[in-house]
Amino acid sequence: MTYLAKNLRFLARRAEINQTTLGERLGIQQSTIQRIMSGATEFPRLDSVLAIASYFRCSLDDLVHHDMELEGAPVGSQPVGFDDATMAQAVELLHMLAELRPDDARFRRVSWRAIQVTAKAITKAEGSQKDAVRMILEELAEE
């Protein structure tokens with residue numbers, strides 16, 4: 001379970017910003033914001049999640065894994081974006097997989113779920129891209 005929908009509702013309410021305005025400021029369609037807030041889209045595209053985290057100045061970890069309203073997770077606790085080594089490596093590895101397996105629909109669009117699977121595999125593989133790729137394919141095959 002992720003807290004993304006709940007946290008986005010909380011952050012928008014606290015910032016007193018509606019879905020339409022938030023979408024305009026992030027460059028994301030209002031309907032996408034609405035689907036994320038409602039939980040209909042549990043694993044949105046990485047660029048959407050990064051834009052949300054950057055706008056609200058919170059970490060991806062806080063945004064997705066912590067109940068920010070209940071736990072009082074600090075907002076603005078760390079910079080967010082592609083400079084985060086694990087996320088950058090995960091995105092790079094997914095793009096490499098897309099080039100190697102162009103017919104595999106799982107790699108046509110980098111999704112938040114694919115990033116999570118990849119980041120987990122990178123951590124477990126301890127630097128071995130070959131092992132990480134194997135783990136990614138195994139995990140995605142189960143879905």
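One is the number of the first residue; the rest follow in order along the sequence.
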Shortest non-hydrogen contact from A51 to I28?
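Taking A51 first and I28 second, the nearest heavy atoms are CB-CD1, 4.2 Å.
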Write down the atom of T21, the atom of N18, and the distance for their closest heavy-atom approach.
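Heavy atoms of T21 and N18 come nearest at N-OD1, 2.7 Å.
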For the [atom1] atom of [X] and the [atom2] atom of [Y], what is their distance to the nearest 0.5 Å?
X: I52; Y: L8; atom1: CD1; atom2: CG; result: 5.0 Å
X: R35; Y: Q30; atom1: CZ; atom2: CD; result: 9.5 Å
X: D62; Y: D67; atom1: CG; atom2: CG; result: 11.0 Å
X: F43; Y: T2; atom1: CZ; atom2: OG1; result: 6.0 Å
X: N7; Y: M68; atom1: CG; atom2: CE; result: 5.5 Å
X: T41; Y: L4; atom1: OG1; atom2: CG; result: 9.5 Å

Under a 4.5 Å cut-off applied to non-hydrogen side-chain atoms, are [X] and [Y] in contact?
X: L63; Y: F56; value: no
X: Y3; Y: H65; value: no
X: L26; Y: I33; value: yes

Would you find a donor on one side and an acceptor on the other, under 3.5 Å apart, between the side chain of S38 and the backbone of Q34?
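Such a contact is found between S38 side chain and Q34 backbone.
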Considering the options Q29, M37, E24, which one meets the side chain to side chain contact (heavy atoms under 4.5 Å, CB included) requirement together with Q19?
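Of Q29, M37, E24, side chain to side chain contact (heavy atoms under 4.5 Å, CB included) with Q19 is met by M37 alone.
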Salt bridge check: are R14 and E69 linked by an N-O gap of less than 4.0 Å?
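No salt bridge links R14 with E69.
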